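Read through the structure below, which is laid out as structure tokens, and then see the notes.
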Amino acid sequence: MKLYLMSLGAGLLVGLVYSLLNVRSPAPPVIALIGLLGILVGEQIIPLAKDLWSKEPAVTSWIGQIKPHMFGHLPKGEGRNDVVVSRQAQLKSDS
């Protein structure tokens with residue numbers, strides 16, 4: 001979640017700089033982004049309908065397929081100790 005908030009903050013900062021420089025953003029217009037959202041949702045209609053047709057609970061389909069595809073998985077970074085241990089192992093193998 002922290003990564004998403006940092007990304008949003010960076011985008012806001014760039015937007016402010018664009019505004020101060022009085023330039024237009026190269027980002028697609030809102031209408032294009034809404035179309036992309038429609039594509040994401042549309043991709044999930046058939047799998048959800050199949051699950052409902054096979055009497056599988058919609059919650060199972062939502063948790064197993066739709067949610068991960070539409071919202072992605074949060075990145076899982078290595079723990080700090082894991083990074084140090086893997087770096088030490090790499091240094092030993094290089095020598």
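Computed from a predicted model, the values in this text were never measured in an experiment.
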Is it true that a side-chain atom of S19 and a backbone atom of G15 form a donor plus acceptor pair closer than 3.5 Å?
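Between the backbone of G15 and the side chain of S19 there is no qualifying donor-acceptor contact (under 3.5 Å).
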Evaluate whether atom CD1 of I46 has more than 12 neighbouring non-hydrogen atoms of other residues, nucleotides or ligands under 6.0 angstrom away.
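Result for CD1/I46: open.
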Step through the shown structure and confirm whether more than 12 heavy atoms of other residues, nucleotides or ligands are within 6.0 Å of CD1 on I31.
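At most 12 heavy atoms, drawn from other residues, nucleotides or ligands, come within 6.0 Å of this atom.
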Under the side chain to side chain contact (heavy atoms under 4.5 Å, CB included) test, which residues partner L8, sequence neighbours left out?
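With neighbours one apart ignored, the set is L12.
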Sequence-distant partners of A32, side chain to side chain contact (heavy atoms under 4.5 Å, CB included), two or more places apart:
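For A32, the residues satisfying side chain to side chain contact (heavy atoms under 4.5 Å, CB included) (neighbours in sequence not counted) are P28, P29.
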If you link ILVMFWY side chains whenever their heavy atoms are less than 4.5 Å apart, which other residues fall into the same cluster as L33? By chain and number, please.
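Besides L33, the cluster holds L36, I39.
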Each residue besides V23 in its hydrophobic cluster should be listed here, by chain and number; the cluster joins Ile, Leu, Val, Met, Phe, Trp and Tyr at side-chain heavy-atom distances under 4.5 Å.
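Reading the cluster by chain and number, V23 sits alongside V14, V17, Y18, L21.
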